[in-house]
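The structure displayed is predicted, hence computed values, not measured ones. Both backbone and side-chain heavy atoms feed into the values below; hydrogens, waters and symmetry mates do not.
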Amino acid sequence: MQNQYRLGIDAGGTFTDFILADRKGGVRIFKALSTPNDPTAAIRNGLALIEEETGLSPETIVSNADLCINGTTVGLNALITHNGAKTGLIATRGHEDSIEIRLGHKEDGYRYDPDYPPATMLVPRYLRRGVGERVLSNGQVHTPLNEDDVREACRHFLREGVESVAISFVWSVLYPEHENRAAEIVREMMPDVRLTVGSQLYPQVREYTRTSTAIVNAYLAPILQRYVEAVDAYFRSLGARHPVRYFQSNGGLALGKVVSDQSVYAINSGPASAPQAALWLGQPWDMKDIITVDMGGTSFDITLTRDGRANVSKNVDFLRYRIGIPMIQVETLGAGGGSIGWIDSMGLMQMGPQSAGSEPGPACYDQGGEKPTTTDANLVLGYLNPDGLVGGRLPLNVEKARAAIKTHLADPLGISVEKAAYGMFTIVNNNMVNAIRRVSVERGYDPRDFVLNCAGGATAAHITALAREMGTRKVLISKLASGLCAFGQIISDVKYNYMAPAAARLEGAESAAKLNGLFNGLEARGRADLMADGFTDDTISIRRSLDMRYVGQVHECTVDVDPFEVTEAALERLKAAFHARHEELYTYAEPNSAVEVVNVESAITGAVDKPGRMTVVPGKGAHSALKGTREMIFNADGIAHETPVYDGAALGAGDRITGPAVIQEVTTTIVIEPGWLAELDASGVYVLTLATQTGAAQPQRATEVA
């Protein structure tokens, strides 16, 4: 860190998290309720809260910060609610409906479900205009661009009040001149619209993916532009000396202009920083295989790092829309603290995906919510402090929670409120475990080989139950867990992705020279862009990937490689990497079959100075942090037992506690189930292990170990 402070802001569905780090290694977390109707209001409210608690004015923090970083759900919310800009599409005539044909099938999981409805089109049929032009698969022009068609499309869009336009032609990645000329006409006739050109945004083979990605980008661009302009202006008014950085779905930072132009990269920016934070926390123990679970008020997000690298996906269906650009692989589930419990037509209890959100919130928030939620269940089970959350700033009403569970679940099912609450707790845990298996077991990873990392304000109440169910024997919980994604942002680097189509077999000197030239060209652009942003050559790093397949295959898989000169001899290294990846994904490889490349990509990263690591002073023994006891339920019988409650702020490095117990941090509550041991490390991370693994006996009651 070059200046006094670094500020990270992560806007979630219920809370907006703030992480303030200083040059001395101090790190503090703050939370404010999100304001979906005006996201910038939550930023102002959060900075006011920081001033109230620290005495530091927003002007003091921002003007003395080397980085202010914002992870936003603005794009995500617009896509979820279908509240984006009015968008028009200019496509090759005859291909206007490719986004509805969708490669001829529904998304995986619903392909054979006749009752599954079609996705809502972001561009309705009357705003899709086909124009005369055609490029062949060899890059040759078959039909020249009909500029009159483009002009007529613009006149139609002007009559309809279109705010944003996407252009996507067939095989435009091999001959972009038609798209570029069409873009010139649109800018001439519609100077006020946002414009997305498919071959510039996503220069990769696959027409449907490119068109869909361009449409999503165009749909979100005006929304993100207004948001970025408002945030940038606000921080400038506070005396910011450096531009605000925005977190992207690819796991890196970017300037506001980049996010405005490439809005599709900001869709899932919040949870995308979790892998970086997880690796930072695990670094003292050299932990590189980590599954991070983040349970907030609205959703439950899972990310995975293997050998120190986060899983990255391309060409995925996100919220039913195909997106081609690289994104940190995040499995999202409607299972948060606000997830609502209900009874289905079979008389079975279910949890979510409906959420009470922050408005009106769970019944226990006493803000008008009447439906029973996960938070209500945790309160009835005794896990949460009845005096309130966030250091008492958010008071809780136990009676409202009990009444909601009784009315909607316990009485209809003929069971006690306590048993219903534990049933809610168990069901939401099972939902989360199934989602964890989708990013681990279903992708060939054994979760027992991974450390489970806790993120999000609500996760720590469930983390040992999740670990028990998964067979995971080690858990990390940072004191910053409830704002871990915001923390991940302040330790992340600037990152841009550069792509190019590369139809070539991995054979011969000509193919090697082609690939080498493509990579060198992409990386020269990336270095130039980062150097213009103030980075020096020694802070820039490169990671390459290739989309490859066996000749004759329909689909390709992405293979990551380190940079090296691609010579004819080096092609064998690429083949070997592809065979290994293919076997990892599909359990077999064909070493004697020919391999071809479809697309190439270079991820260019500019390293940012990291803040100091949090330090915790040595403890005086857990007994000094014991606040008292509270009745809690850890079994389906619904019977409560007196359980110790510890003040996390009073615990020091080396203090150890065995479960059952609860540790109350200001912004999260750690529930330690029977059989688990928690030890606070000097880095501010609680390391939880099964007590039997450490040689301790399985306790029946919480006792102090040290």
Side-chain angles (χ1 to χ4, degrees), residues 13-14 79-82 102 105-120 293 295-302 317-321 331-365 367-381 399-438 441-442 458 461-462 465-466 469 633 635-638:
T14 303
L79 200 58
I80 290 173
T81 61
H82 296 135
R102 299 164 63 85
H105 59 74
K106 300 177 182 179
E107 301 98 302
D108 289 341
Y110 300 95
R111 188 167 296 184
Y112 306 109
D113 183 355
D115 297 322
Y116 192 61
T120 300
V293 290
M295 184 181 187
T298 306
S299 63
F300 180 73
D301 300 315
I302 312 108
D317 289 316
F318 185 83
L319 294 174
R320 306 201 66 188
Y321 302 105
E331 184 75 25
T332 300
L333 179 71
S339 291
I340 295 171
W342 54 285
I343 299 173
D344 66 17
S345 59
M346 300 291 290
L348 301 176
M349 186 190 299
Q350 304 288 347
M351 291 296 296
Q354 308 93 324
S355 174
S358 60
E359 298 175 359
C364 62
Y365 283 11
Q367 295 177 350
E370 298 179 351
K371 301 289 182 65
T373 67
T374 304
T375 299
D376 296 308
N378 288 340
L379 181 60
V380 169
L381 293 172
E399 293 310 313
K400 288 286 182 69
R402 292 184 63 87
I405 295 174
K406 176 179 173 62
T407 300
H408 295 279
L409 297 174
D411 286 353
L413 293 173
I415 58 177
S416 69
V417 170
E418 291 75 14
K419 287 184 177 181
Y422 195 80
M424 296 169 68
F425 178 78
T426 302
I427 291 169
V428 79
N429 288 345
N430 287 338
N431 291 343
M432 293 188 285
V433 164
N434 289 335
I436 296 172
R437 288 186 174 128
R438 285 197 288 275
V441 176
E442 294 182 13
H462 300 256
L466 297 177
E469 194 67 27
I633 298 169
N635 198 288
D637 60 16

Give, for atom [atom1] of [X] and atom [atom2] of [Y], the distance between the pair rounded to the nearest 0.5 Å.
X	Y	atom1	atom2	value
Gln350	Ser339	CD	OG	12.0 Å
Thr426	Asn431	OG1	CG	11.0 Å
Asp301	Leu333	CG	CG	9.0 Å

Locate the shortest heavy-atom distance separating [X] from [Y]; write the atom from each residue and the value.
X	Y	result
Pro362	Gly337	CG-O, 4.2 Å
Pro360	Gly368	CB-C, 3.9 Å
Thr375	Gly338	OG1-N, 4.4 Å
Ala421	Ala377	O-CB, 3.6 Å

Original post:
Does anything in residues 416-433 pair up under salt bridge (charged side-chain N to carboxylate O under 4.0 Å, His left out), and if so which pairs, sequence neighbours excluded?
Top reply: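 Counting only pairs at least two positions apart or across chains, the salt bridge (charged side-chain N to carboxylate O under 4.0 Å, His left out) contacts touching residues 416-433 are Arg402-Glu418.
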
Which pairs pass salt bridge (charged side-chain N to carboxylate O under 4.0 Å, His left out) with one or both residues in residues 339-356, sequence neighbours excluded?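 Of all non-adjacent pairs touching residues 339-356, none passes salt bridge (charged side-chain N to carboxylate O under 4.0 Å, His left out).
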
Partners of [X] by side-chain hydrogen bond (donor to acceptor under 3.5 Å, both in side chains), sequence neighbours excluded?
X	result
Asp317	Arg322
Tyr321	His82
Arg438	Glu331

For [X], what residues pass the side chain to side chain contact (heavy atoms under 4.5 Å, CB included) criterion, not counting sequence neighbours?
X	result
Asn429	Phe425, Met432, His462, Ala465, Leu466
Thr81	Asn83
Ala401	Cys364, Asp376, Leu379, Val380
Asn635	Asp637

With a cut-off of 3.5 Å and sequence neighbours excluded, list every side-chain donor-acceptor pair involving residues 404-413.
residue	atom	partner	partner atom	Å
Lys406	NZ	Asp411	OD1	3.2
Lys406	NZ	Asp411	OD2	3.4
Thr407	OG1	Ala403	O	2.9
His408	NE2	Glu370	O	3.3

The criterion is salt bridge (Lys or Arg N to Asp or Glu O under 4.0 Å); which residues satisfy it with Lys400, sequence neighbours excluded?
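With neighbours one apart ignored, the set is Asp366.
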
Could you pull out all residues at least two apart from Arg437 that satisfy salt bridge (Lys or Arg N to Asp or Glu O under 4.0 Å)?
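In terms of salt bridge (Lys or Arg N to Asp or Glu O under 4.0 Å), with neighbours along the sequence ignored, Arg437 is linked to no residue.
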
For a 4.5 angstrom cut-off between non-hydrogen side-chain atoms, does Val428 reach Phe300?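 Of all side-chain heavy-atom pairs linking Phe300 with Val428, none is under 4.5 Å.
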
Next on the checklist: Has Trp342 got a side-chain atom pairing as donor or acceptor with Met349's backbone, closer than 3.5 angstrom?
Outcome noted: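 Not at all, since once roles are kept as given, no pair shorter than 3.5 Å links the two residues.
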
